[in-house]
Structures are given as C-alpha cells and as structure tokens.
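First up is the structure itself, then whatever we jot down about it.
Whatever order the structure lists them in is the order used to number ligands and atoms, beginning at 1. Along the sequence shown, the residues carry numbers beginning at 1.
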Amino acid sequence: LVSVTTGSRGRAADSMAELNELARSADVLVLDTIIQLRKQIHPRFILGRGKLMEIMLRSLRLGANLLIFDQELSPSQIRSVTDHTDLRVIDRTQLILDIFARRALSREGKLQIEMAQLKYMLPRLSTRDDALSRLTGGIGARGPGETKLEVDRRRINDRIARLARELKAVGRERYHRRSLRRKRDVPVISLVGYTNAGKSTLLNTLTRSHVQARDLLFATLDPTSRRLRFPQDMEVIVTDTVGFIRNLPADLLKAFESTLEELYEAALLVHVIDVSNPAYVEQIEVVESLLRDLELDRIPCLRVFNKIDLVDEEARAGISRMDGVGICALDPAGLTPFLQQAQAMLRA
Ligand SMILES: Nc1nc2c(ncn2[C@@H]2O[C@H](COP(=O)(O)OP(=O)(O)OP(=O)(O)O)[C@@H](O)[C@H]2O)c(=O)[nH]1
Ligand SMILES: [Mg+2]
C-alpha cells in the first residue's frame, strides 16, 4: 500500500489504516505499507523516482505483485508507474469498486456497480493501445473512419445508456413497492453512517433479523427493510443501506442513486457512529457532509454512538455530553433510551 501526500502524516496514516481495512475486505494480503510526504506530487510518478525504485526492489523481495495507491491516480500516472515497476497498479477508488462488485447480490446492485465501473473505466481507456492498434491493425482492423478507441468508447457509452434504462425500470418497481407502504402510512427510519459502524447489527437487534453483519468494510450493499413495533404501540419500518466512506468519488455515489433514493422517504435518519474507531469524529463529518450534499439534512437526524461497550469510562463520559444516545447494538437490553428518543422525534 502506498500513500503519497502533501498533507500531514497523521491524516495520511489514518487514511492508510482505512486502506488496509479496504484491502482486507477485498481479500488482498498486505505485505508492506509506505507513506511518503512530499512538497509536491510528482506529475508522472507520484512519488520520487528514487522511492519508486526502492518500492520495486522491496516488492521483488517480498513477492508482491500489486501496488495500491491511497490517492486517486490519473490514467497516465497508472501507466508510468506500471511501466517503471512491472507491478499491477490500482488506486483506492478501484479497490472500492472491486469490493462493491463482490458484494452486490441484487439485480439492482449489480447494475449499479457495473455502471460505476464503466464510468470509471471510460476516461481511463488507453490512448496508447489505440496508437498501437493503428500501427499493427492494418487494413480492415477497424471500422470506417473509426479508431479502436472510439469503438470501445462508443460500446461502453451504449452499455451505460442501457444500464441506465434498466436501472430506471428497476427503480420504478421499487417506487411502486414503496408507494404501497406510503399508503399504509408507516413511517420509515433509515440507518445511515460510516461503513462498519454497526448499521446492520442494529437492524438485526431491533427487528430480530439476520442480515449479514460482519467486520468488513461495505459488508452491506443492497438495502434491506424490516418492520419494527415500538414499545408504545407504533409501527415503523427500519431500512439499512450502503455505508459511507471518505473521498467517495461522486460518480460512485451517483451510481447508488436509486439505493439512496430510499433515504428521501425516511421520517427519521439514524446516524450510527462507531465510537471505538479512533477516527470517529472525522467519520461523523464525512457522513454529515455527504448527507448535506444529498440534501438529506432537512430530515430529522438522531446521532447514535455505537460500540459504547468498547470504549473506556472517560471516553463514555465525553460521549454522554454530546448530542445523541450511546448504545451497544449487540445488546437489546440497552436500547430503550434510543427507542424512546427515536419515537419522540417521530412524533414531533
Ligand atoms: N463490540 C461491538 N461490536 C459491534 C457493535 N455493533 C456492531 N459491532 C460489530 O461491528 C462490525 C460491523 O458491523 P455491521 O453491522 O456489519 O456494520 P455496518 O454499519 O452494517 O457496515 P457496512 O454494511 O459494512 O457498511 C461487526 O463485526 C459487528 O459485530 C457494538 O455495539 N459493539
Ligand atoms: Mg451493513
């Protein structure tokens, strides 16, 4: 794992810890991590040439065959580094896309992720291959007046357009399903939050369900809804969705538009926060800023400080002074204050 930054080491280290988790979630075995602080990012090689050479030698020694950069790389940077190191090179976004591709189970999820992958690929189609095909392709190797690159681009654009149509159809079905719910006037509580915060665990405990909850980033991709009867005889629907993460590329977020659409009908958002994560304050900011971008900040939001069982007394005291409720999502007995507050907010 490689991180090159012009910012502080602390931030880079935080982000690197998360990249490590992402790699683990994608079944990548991490052999080494390197953080380099630079005054300027090298336009071609990202790192200095000397450092790049060092990385190559170290990879040979360790038997590594993949470099994952924590920063987003331009297509030409990927090419330069690949050429210089003979290693496969991907960036953080590509790693996230890979995890999403493994996790998507529903048809909608699969359509969404294919769309995001194609959109990611489109600007990265190599122009060099094109030059090569022009040299080696000879007569008849390409359509009239079209280079291979143009054909590839057009094919991908066609596919994207088709995916968009299919997604729209799936989205309509989902809309109808939801409108039945609306007619019955059952309020929806949506669980939102950083990935791995404990959203699915909370859904399971609240509704005695068995949605997959695991110590992996992006364990959940497809939304799930379950019924819940509140203590004071009020019925609600709780929905669980894909988690958020820092530096989520806009295109990726957009690909999940139809999944996220569910959130707009929520009467209450429950923001699940993993207080055992050292970076939780920054994670709160990431989630709240995404909620603002999605214009979801007009829906009432209850902050829930989860995994309270994992922090010490002092941290717990600090949390109790903040606005929100502390819970352990694994423990149904301690959820009453949370349920009361949620109900009060729904009634307001
Ligand atoms: N100790 C402790 N562990 C928890 C608590 N809540 C969740 N966990 C664990 O945290 C891990 C992540 O939980 P999930 O419910 O899968 O988290 P999520 O927010 O759904 O994550 P994604 O779907 O990956 O975005 C699991 O291993 C849970 O068992 C808690 O209150 N205390
Ligand atoms: Mg989940």
Closest approach of any protein heavy atom to [atom], naming residue and atom:
atom                    : result
atom 8 (N) of ligand 1  : Lys307 CE, 3.6 Å
atom 27 (O) of ligand 1 : Asp215 N, 3.2 Å
atom 21 (O) of ligand 1 : Asn196 N, 2.9 Å
atom 3 (N) of ligand 1  : Leu330 CD1, 3.6 Å
atom 6 (N) of ligand 1  : Asn306 ND2, 3.1 Å
atom 24 (O) of ligand 1 : Ala219 N, 2.7 Å
atom 17 (O) of ligand 1 : Gly198 N, 3.1 Å
atom 16 (O) of ligand 1 : Arg214 N, 3.0 Å

Contact atoms of ligand 1, heavy-atom distance to [X] under 4.0 Å:
X      : value
Thr195 : 22 (P), 24 (O), 25 (O)
Leu216 : 24 (O)
Asp309 : 1 (N), 2 (C), 30 (C), 31 (O), 32 (N)
Thr220 : 20 (O), 22 (P), 23 (O), 24 (O)
Thr201 : 6 (N), 7 (C), 13 (O), 14 (P), 15 (O), 28 (C)
Phe218 : 24 (O)

- Query: At the 4.0 Å heavy-atom cut-off, does Ala197 count as touching ligand 1?
  - Reply: yes

- Looking only at non-hydrogen atoms, find the nearest pair between Asp297 and Arg292 and report the distance. OD2-CG, 3.4 Å

- Item | Minimal non-hydrogen separation, Phe100 against Leu221, with atom names |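 It is O-CD2, 3.2 Å.
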
Less than 3.5 Å between some nitrogen or oxygen of [X] and one of ligand 1, yes or no?
X      : answer
Ala213 : no
Val242 : no
Ala329 : yes

Please tell me whether [X] and [Y] are part of a single hydrophobic cluster in this structure, the criterion being side-chain heavy atoms less than 4.5 Å apart.
X      : Y      : result
Val211 : Leu330 : no
Leu294 : Phe218 : yes
Ile99  : Leu67  : no
Met345 : Leu191 : yes
Leu268 : Leu206 : yes

- Task: Examine Ser200 and say whether one of its N/O/S atoms is closer to the Mg ion (ligand 2) than 2.8 Å.
- Result: yes

- Message: Let me check your reading of the structure: within less than 2.8 Å of the Mg ion (ligand 2), is there an N/O/S atom from Asn196?
- Response: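 It does not: Asn196 brings no N, O or S atom closer than 2.8 Å to the Mg ion (ligand 2).
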
- Query: Would you say the side chains of Ser3 and Gln71 form a donor-acceptor pair under 3.5 Å?
  - Reply: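 A pair is found: one side chain offers a donor N or O, the other an acceptor, under 3.5 Å apart.
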
Is a donor on one side and an acceptor on the other found under 3.5 Å between the side chain of [X] and the backbone of [Y]?
X      : Y      : answer
Asp32  : Arg58  : no
Ser25  : Leu217 : yes
Asp222 : Ser106 : yes

- NZ/NE/NH1/NH2 to OD/OE distance under 4.0 Å, Glu72 and Arg92: no

